[in-house]
Amino acid sequence: MVNEEQLDQFRISGETVRVVRDGMEQNDVLGIVVAWDDSTVVIRRPNRRVVKVSRKYTYVPASEERPSPIEDAT
């Protein structure tokens, strides 16, 4: 689970993040962190729509290589 400090750093920097939800890259969510609570994060996508995703997913800067979800499970 992503922690408060990481989310705050993403929000302040305005950096685009990648939310890896499963093994398929097409299911990733790309956008900017807007807000969060105990269980969800609000991401603003490039088309300006917002989505709520679980904090249990993997959050990485979009500029970095996409991590494998299998590695995270170990």
Side-chain angles (χ1 to χ4, degrees):
M1 182 180 335
V2 65
N3 64 34
E4 298 284 328
E5 292 81 27
Q6 290 173 315
L7 288 170
D8 198 41
Q9 190 173 18
F10 285 140
R11 183 187 60 81
I12 290 171
S13 71
E15 181 177 12
T16 301
V17 298
R18 175 186 304 272
V19 182
V20 180
R21 300 189 292 176
D22 58 21
M24 298 177 65
E25 187 170 354
Q26 64 207 32
N27 292 335
D28 291 356
V29 175
L30 293 170
I32 298 169
V33 173
V34 177
W36 62 90
D37 61 19
D38 292 338
S39 61
T40 60
V41 177
V42 177
I43 303 288
R44 179 178 293 128
R45 296 178 42 177
N47 63 4
R48 299 222 179 248
R49 293 182 186 228
V50 296
V51 293
K52 286 176 85 174
V53 292
S54 173
R55 285 182 65 169
K56 295 180 181 179
Y57 295 130
T58 303
Y59 291 76
V60 295
S63 59
E64 292 182 8
E65 187 174 325
R66 182 182 191 272
S68 170
I70 295 168
E71 292 173 4
D72 297 333
T74 57

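- Note on Val51 and Leu7: same hydrophobic cluster, where clusters join Ile, Leu, Val, Met, Phe, Trp and Tyr whose side-chain heavy atoms are under 4.5 Å apart, directly or indirectly.
- Both Phe10 and Val29 belong to a single network of hydrophobic side chains, linked directly or stepwise wherever heavy atoms of I, L, V, M, F, W or Y lie under 4.5 Å apart.
- For the pair Ile43 and Gly31, the tightest heavy-atom approach, listed with the atom from each and the gap, is CG2-CA, 3.5 Å.
- Hydrophobic clustering (side-chain heavy atoms under 4.5 Å, transitive across Ile, Leu, Val, Met, Phe, Trp, Tyr) keeps Ile32 apart from Val19.
- In Glu15, the CD atom is crowded: over 12 heavy atoms of neighbouring residues, nucleotides or ligands sit closer than 6.0 Å.
- Residue pairs meeting the side-chain hydrogen bond (donor to acceptor under 3.5 Å, both in side chains) criterion with at least one partner in residues 44-55, sequence neighbours excluded, are Glu4-Arg55.
- When hydrophobic clusters are built by joining Ile, Leu, Val, Met, Phe, Trp and Tyr residues whose side-chain heavy atoms come closer than 4.5 Å, directly or via intermediates, Val17 is not grouped with Val42.
- Evaluation of the salt bridge (charged side-chain N to carboxylate O under 4.0 Å, His left out) test over residues 25-41, restricted to residues two or more places apart or in two chains, returns Arg18-Glu25, Arg18-Asp28, Asp28-Arg66.
- No donor-acceptor pair closer than 3.5 Å links the side chain of Glu64 to the backbone N or O of Pro61.
- Hydrophobic cluster of Ile12: no remaining members, since no ILVMFWY side chain lies below 4.5 Å from it.
- Of the inter-residue distances, the one linking Gln26 atom CD with Arg21 atom CZ reads 10.5 Å to the nearest 0.5 angstrom.
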Under the criterion side chain to side chain contact (heavy atoms under 4.5 Å, CB included), I'd like the reasoning laid out for Val41 against Tyr57: C-alpha separation, chi angles, the key distance, then a yes or no. CA-CA 10 Å; Val41 177; Tyr57 295 130; over 6 Å; no
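- When each of Glu5, Arg11, Gln6 is checked for a side chain to side chain contact (heavy atoms under 4.5 Å, CB included) with Asp8, only Arg11 meets the rule.
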